[in-house]
Amino acid sequence: ARRSARRARARSMSCWAARVRPRRARVGAGARPRHRERSCAQPGRRRPEGAQEGHEGEGILKAILRPGGTEIPEAVAGDAVEFIFDRTPFYAESGGQVGDSGKVTGAGGKSTAEVLDTVKPVGSLVVHKVKITEGSFRVGDQILLSVNGMRRKSIRANDSATHLLHKALQLVLGENVRQAGSQVSPAGLRFDFSHHKAVSEGEMMRVEAIVNREILKNDEVKTHEDV
């Protein structure tokens, strides 16, 4: 029964991935590509269509789903549901990095919901897991989306630290070091790697010194991409 429920939910999400057509930013004829400041959380990857820069943006509520994937037209205070928008500034959980949290507001501030987590269950479809705290939300509403900026800043810092740690391990132990997994959250990070022998205390001290030296440089991290 649980397997059937998961399949039904996957079909529902796949349906929405096909139906929701987010608006894209446009660059006029002869315009130069814009440069966007971003976290290095996913180097070399483009953000999904419908993604917005910054910590705040407006979007249209395209779907309200119960946790099992059933669509409903409206949700009210006390409901724990999932929202899908045509545009969103929220980053979804990906590659070991946790998703954003924050809040959404509608009806001129009379309706609010806490965004507990943000996930991508199918392709680039971004789903916001919310708990409605006040008022009600209906499909088609214009919504203000606000990311918890301090939490995202902590996640970005810890994500950057995973890249610094990976490079430092290769410098000390050799290029044979390969990342085997990671977990990045506001509270800290976990970095798994493969190596042919145990790491000595002296080697770990050298790795720590390299990472701390790079952190103290306080370099700005940017990624440039075409729109």
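- In plain terms, the two heavy atoms of I143 and T105 that are nearest each other are CG2-O, 3.4 Å.
- Separating the NE2 atom in H128 from the CG atom in L61 is a distance of 10.0 Å, to the nearest 0.5 Å.
- Nearest heavy atom pair, residue I132 against residue A113, reads CA-CB, 3.8 Å.
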*Test side-chain contact (heavy atoms from CB on, under 4.5 Å) applied to D192 and Q179, step by step*: CA-CA 6 Å; D192 305 327; Q179 181 175 346; over 6 Å; no
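- M205 and V207 fall into different hydrophobic clusters, where Ile, Leu, Val, Met, Phe, Trp and Tyr side chains are chained together by heavy-atom contacts under 4.5 Å.
- A single hydrophobic cluster is not seen to contain both L165 and I155; linkage of ILVMFWY side chains at heavy-atom distances under 4.5 Å, directly or through other members, places them apart.
- One N or O on the side chain of S160 and one on the backbone of R156 form a donor-acceptor pair closer than 3.5 Å.
- E56 and S146 are linked by a side-chain donor-acceptor pair at a separation below 3.5 angstrom, with hydrogens and angles left out of the test.
- Side-chain N/O atoms of T112 and T133 include a donor and acceptor closer than 3.5 Å.
- Note on F193 and M204: same hydrophobic cluster, where clusters join Ile, Leu, Val, Met, Phe, Trp and Tyr whose side-chain heavy atoms are under 4.5 Å apart, directly or indirectly.
- Under the 4.5 Å side-chain criterion, counting only non-hydrogen atoms from C-beta, E134 is not in contact with K110.
- A distance of 11.5 Å separates NZ of K120 from OG1 of T118, quoted to the nearest 0.5 Å.
- Ion pairing between K62 and D86 fails under the 4.0 Å rule for side-chain N and carboxylate O.
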*Is there a side-chain contact (heavy atoms from CB on, under 4.5 Å) between F83 and V115 once you walk through the steps?*
CA-CA 9 Å; F83 285 172; V115 180; over 6 Å; no
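- From F137, atom CZ reaches atom CG of D79 across 11.0 Å, with rounding to the nearest 0.5 Å.
- The hydrophobic cluster containing V139 does not contain L144, counting ILVMFWY residues as joined when their side-chain heavy atoms lie under 4.5 angstrom apart, directly or transitively.
- Atom NE2 in H195 sits 4.5 Å away from atom CG in L173 (nearest 0.5 Å).
- Between Q97 and D159, the closest side-chain pair of non-hydrogen atoms falls below 4.5 Å.
- Within the 4.5 Å cutoff, no side-chain heavy atoms of D100 are placed close to those of N148.
- Interatomic distance, I60 CD1 to I84 CD1, rounded to the nearest 0.5 Å: 14.5 Å.
- Between E74 and R138 there is a salt bridge, since a side-chain N of the basic residue sits under 4.0 Å from a carboxylate O of the acidic one.
- Residues V147 and P89 approach most closely at CG2-O, 3.8 Å, considering heavy atoms.
- Taking all atoms of both residues into account, the shortest heavy-atom contact from L65 to G69 is CD2-O, 3.8 Å.
- Residues I210 and V177 fall within the same hydrophobic cluster, defined by Ile, Leu, Val, Met, Phe, Trp and Tyr side chains chained together at heavy-atom separations under 4.5 Å.
- Here the closest non-hydrogen pair linking V98 and S185 is CG2-CA, 3.9 Å.
- Look at E82 and K129 and you find a salt bridge, because one of the NZ, NE, NH1 or NH2 atoms lies within 4.0 Å of a carboxylate O, short of that distance.
- In this structure, CG in N158 is found 13.0 Å from CZ in R190, a value given to the nearest 0.5 Å.
- Closest of all the heavy-atom pairs between A161 and L189 is CB-CD2, 3.5 Å.
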*Please report the C-alpha distance between Q170 and E175 in whole Å, then the side-chain angles of each, then the deciding distance to 0.1 Å, and finally whether the side-chain contact (heavy atoms from CB on, under 4.5 Å) criterion is met.*
CA-CA 5 Å; Q170 290 182 326; E175 292 294 326; 3.8 Å; yes
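- Residue pairs meeting the side-chain hydrogen bond (donor to acceptor under 3.5 Å, both in side chains) criterion with at least one partner in residues 201-214, sequence neighbours excluded, are S200-E203, E214-K217.
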